[in-house]
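Start at 1 with the first residue, then count along the sequence. Given the structure is predicted, the values throughout are model-derived calculations rather than measurements. When a ligand or atom number is given, it counts from 1 through the structure's own listing order.
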Amino acid sequence: MYRDTPHPIHLEDYRPPEFLIDRVDLRFELDPDRTRVDASLQLRRNPAATRGDGTLRLDGEQLELEAVSIDGHSLLPSEYRVDPDSLTIYRVPDRFRLDTRVRIHPNLNTALEGLYQSGQMLCTQCEAEGFRRITYFLDRPDVMARYRTTLIADRGRFPVLLSNGNRVEEHQLDDGRYRVVWEDPFPKPSYLFALIAGDLSLLEDRFITASGRDIALQIYVEPHNLDKCDHAMLALKKAMLWDEEHYGREYDLDIYMIVAVSHFNMGAMENKGLNVFNDKFVLARPDTATDDDFLGIEGVIAHEYFHNWTGNRITCRDWFQLSLKEGFTVYRDQEFSADVGSRGVKRVSDVRLLRAHQFPEDGGPMAHPVRPDSYIEINNFYTATVYNKGAELVRMQATLLGPELFRKATDLYFMRHDGQAVTTDDFVLCMEETSGRDLTRFRRWYSQAGTPRLEVEGEHDATRGTYSLRIRQQIDPTPGQREKLPLHLPFALGLLDAQGADLPLRLEGEPDERVPGTRILELTDWETRFCFVDVPERPVPSLLRGFSAPVSLHFGFSDEDLMFLMRHDSDGFSRWDAAQTLMQRVLLGMVGDPDKEVPTRFIEAFRGALSDTATDKALLAEVLTLPSESYLGDQMDVVDVEGIHRARTGLKRHIGLQLGDELVQVYCENRDAGVYRLTPEAIGRRALKNLALSYLMSAQQAEGLALCRDQFADAENMTDTMAALRLLVDHGGDEAHHALDAFYRRWSNEPLVVDKWFSVQATSSREGTLGAVLGLMHHPDFSLRNPNRVRSLIGAFCSGNPARFHAADGSGYRFLADRVLELDPLNPQIAARLLKGLIRWRRYDEGRQTLMRGEIARVLEANDLSSDAFEVASKALDDLGRQARPSA
Ligand code: 0A1
Ligand code: ZN
């Protein structure tokens with residue numbers, strides 16, 4: 001049991017800091033066992049804060065304090081107090097210098113927050129509250145200071161020493177060590193501090209900015225990885241150019257550094273001038289990384305780069321405002337990826353992610369607004385809601401304002417708030433002031449949790465030639481928020497005529513302009529009606545085009561309507577969505593009635609789509625992919641784990657058997673010989689080919705197996721290799737063993753590829769998978785100390801294999817809780833994330849509910865549980881944390 005119940009922190013308790021820090025001088029004597037940190041801080045009273053009693057309380061955790069002085073005078077023991085999480089100095093002047101000396105132990109730091117050892121390197125992670133594990137500080141984002149950092153280390157062991165800003169000095173010391181000094185001219189919050197020490201190789205390039213400044217671009221990796229950095233460098237240069245062209249933002253230092261590390265809790269970190277990356281988001285070669293890996297790298301490199309303006313130059317006032325930087329930056333990286341790749345496919349994958357992760361979160365016991373109003377542990381709030389729903393809020397504002405006004409509004413935001421720590425409200429205010437619009441009801445999106453449900457009804461009046469829509473909003477209560485208010489949202493739609501063309505859209509009372517296409521309506525109330533005129537025949541409505549708002553949409557489409565939209569809609573997203581709805585209907589029908597036949601017209605629609613040559617192939621592959629088992633579960637009142645698995649496997653097999661010839665043809669037509677290319681067109685061909693192969697393998701016929709075996713043997717790129725390996729592993733038997741052995745033998749020296757080897761086994765649909773996973777935990781390459789490895793085996797099983805994880809005997813749940821208990825003392829962030837896999841227990845049948853709750857309770861009983869895991873477990877069991885069914 002957690003000894004002292006941790007207390008939540010509330011947004012309404014925010015107060016400006018009593019003291020500000022202008023300058024920080026840090027001196028590190030680096031040693032993995034014992035690092036000495038000397039900090040010299042220039043402090044002064046904050047004129048904007050209410051005057052306190054002269055007590056200064058600094059954050060600090062796991063620090064061994066060796067000395068503390070003010071303006072050069074050592075403090076007497078009676079003048080200060082050290083607690084496990086702070087240093088309190090009883091009386092301080094209005095303006096003074098504070099010097100502290102502490103010891104820290106990077107090699108014992110398994111939580112990977114603060115200064116830690118990753119392989120042979122030393123690195124830091126300070127967001128959100130890691131800096132307090134390096135030195136005593138006012139560790140909050142609204143305290144912004146200028147940093148000068150001195151790094152001292154043994155040159156043989158750490159020939160590269162990096163920190164934020166510009167390198168200003170280097171000296172050899174008498175004792176064989178050397179000293180490097182870095183200075184960052186831009187004031188920054190402590191969470192953006194970084195340092196790196198290691199034996200690293202460097203890929204270097206340059207970028208000339210719009211105003212002609214020459215920026216050195218450097219990617220640092222372990223020497224054997226130097227051949228896997230080209231893609232990341234290219235992505236960086238594209239991102240720099242894109243930000244100049246689309247937001248008028250130039251880079252501001254003379255050097256931009258990226259370092260890849262193998263031990264990292266998240267994807268990457270935007271430290272000023274010195275990004276630290278999970279190596280998964282830097283390293284790629286066609287034979288080691290899949291197309292999705294390449295796209296992921298491009299997106300994350302851009303994301304961290306874009307943070308330089310949205311996050312670093314303008315930062316968050318407090319952690320409740322996290323979405324100020326994350327929502328906006330995700331929106332920016334999404335638009336970048338759409339521009340440099342395939343826009344339609346990007347939107348589909350963003351919406352897929354939102355529905356797979358954010359909607360369930362919004363309907364679960366940890367549902368929170370994009371701007372949460374309380375938290376126990378901020379690390380638990382790096383969520384799909386803050387990041388991805390936050391991005392949707394920015395997207396909606398861009399839609400409501402239109403491109404020109406949105407750009408004007410962001411220009412204003414950058415100008416007005418440069419160098420400040422601000423709030424999401426400040427952001428919306430720039431939108432409001434620029435457009436002259438009242439966004440009062442829009443702001444509710446930031447403070448209100450839950451996914452709105454839109455019920456739409458349409459009525460065609462043939463005699464009047466009108467088509468009217470009635471749209472109703474509904475938002476279920478979420479934990480701590482019973483009453484909800486209606487939201488302001490853009491609702492994009494089109495009306496299709498009998499040929500599938502867009503009708504001109506004119507609302508009653510409007511002048512006749514007759515431009516066909518998409519129209520953006522706005523909803524602000526619980527119920528809104530619209531009446532379109534000049535609609536002689538019953539149209540098929542295409543609703544929520546481009547997913548113009550993060551809502552679940554409900555309209556009584558017939559199967560014919562859906563097939564029609566799937567074939568004709570001018571909006572790529574809506575074609576995909578129509579196909580998903582149709583497949584979902586077929587699958588849920590089969591779940592309800594296992595003897596139900598697959599409708600012939602469904603197979604015909606699928607056949608039609610397979611032979612569609614007009615559509616972008618990557619989009620086509622998305623259109624033809626069945627909804628996932630988890631997503632189907634989300635659409636049911638009570639998740640039927642076995643029924644869903646049976647139906648989905650059955651439908652795949654049926655498609656494979658019915659459409660064998662067409663699938664073989666698609667497979668062969670899209671096989672590319674020769675060089676691997678990363679164009680949207682080549683990616684689309686591979687996606688479609690591998691999708692066809694997966695249906696063929698589901699049919700369990702010799703032909704598919706032969707193609708798959710050949711592909712595995714001959715593939716020269718990891719996309720094709722992994723596609724074949726995954727299918728062979730699901731096929732099982734000797735085929736699986738041989739392929740897995742061959743793959744491991746070839747790639748055992750590439751940790752990121754070994755991660756794939758673990759994952760593919762953990763996500764196998766075969767019955768003995770949990771046993772295999774337990775066995776793999778004893779593999780010499782497995783380690784609980786490397787988050788990528790943990791995610792690749794444990795995470796993949798618990799969140800990527802619903803049929804096996806949710807085994808009715810509770811073995812999957814027990815496995816998860818055991819791993820949480822092992823991980824929590826080592827790395828609470830990773831443990832708490834894993835634990836989230838149990839919190840939606842209310843969605844399952846009674847037997848599973850009891851088992852899941854039992855495991856959460858067992859975690860909660862543990863001694864010295866972290867505040868991270870405590871928050872997740874206690875909220876999951878809180879009876880007030882009702883759980884709604886997330887809707888599509
Ligand atoms: N700001 C980073 C994400 C990040 C957050 C926390 C971390 O450590 C606890 C690390 C990275 C981003 O959005 O990319
Ligand atoms: Zn971010």
Side-chain angles (χ1 to χ4, degrees), residues 61 109-116 118 123-134 139 141 164 188-194 196 232 235-236 239 243 258-282 296-316 319 321-337 350 353 370 375 377-391 394 424 787-788 790-791 826-833 866-869 871:
E61 288 173 10
N109 182 349
T110 56
L112 316 186
E113 287 179 79
L115 179 67
Y116 64 92
S118 170
C123 65
T124 52
Q125 172 52 43
C126 294
E127 188 177 2
E129 298 180 335
F131 193 70
R132 63 187 65 185
R133 295 181 180 201
I134 293 176
D139 192 13
N164 317 85
K188 64 168 175 289
S190 50
Y191 80 86
L192 290 174
F193 171 80
I196 289 285
L236 175 59
D243 215 15
I258 287 176
V259 183
V261 305
S262 54
H263 292 64
F264 203 74
N265 282 345
M266 310 275 272
M269 181 62 213
E270 69 263 24
N271 316 301
K272 183 77 189 188
L274 176 57
N275 290 182
V276 177
F277 270 64
N278 183 329
D279 56 6
K280 175 179 164 49
F281 290 109
V282 175
I297 289 169
E298 189 170 68
V300 177
I301 292 269
H303 180 97
E304 306 310 329
Y305 175 73
F306 296 154
H307 266 317
N308 190 52
W309 275 97
T310 51
N312 300 3
R313 291 285 288 252
I314 304 179
T315 195
C316 304
W319 292 119
Q321 318 297 329
L322 181 56
S323 196
L324 173 81
K325 73 178 178 82
E326 296 305 345
F328 192 12
T329 304
V330 171
Y331 171 69
R332 279 150 54 71
D333 83 55
Q334 289 176 346
E335 284 298 292
F336 163 76
S337 294
D350 291 338
L353 188 144
V370 167
Y375 59 77
E377 173 52 66
I378 185 57
N379 286 331
N380 286 329
F381 287 80
Y382 285 79
T383 59
T385 299
V386 167
Y387 274 65
N388 304 86
K389 187 175 180 179
V394 176
T424 55
N788 282 356
V790 170
R791 283 185 280 257
L826 295 171
N827 188 329
Q829 266 185 53
I830 301 293
R833 250 169 211 263
S866 66
S867 56
D868 308 57
E871 178 169 38

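- Asp350 CG to Tyr331 OH: the interatomic distance, rounded to the nearest 0.5 Å, is 11.5 Å.
- Ring orientation note: the planes of Tyr387 and His303 are close to parallel, at an angle under 30° on the 30°/60° scale.
- Going from atom CD of Gln125 over to atom CD1 of Ile134 covers 9.5 Å, rounded to the nearest 0.5 Å.
- Using a 30° and 60° split on the angle between ring planes, Tyr382 and Trp319 fall in the tilted class, from 30° to 60°.
- A side-chain donor-acceptor contact under 3.5 Å links Asn109 to the backbone of Glu113.
- Vertex the Zn ion (ligand 2); arms to His307 NE2 and Glu326 OE1; angle rounded to 10 degrees, 100°.
- Using a 4.0 Å heavy-atom criterion, the residues that approach ligand 1 are Gln125, Glu127, Met266, Ala268, Met269, Glu270, His303, Glu304, His307, Lys325, Glu326, Tyr382, Tyr387, Gln829.
- A donor-acceptor pair under 3.5 Å links the side-chain atoms of Glu871 to the main chain of Glu377, judged by distance alone.
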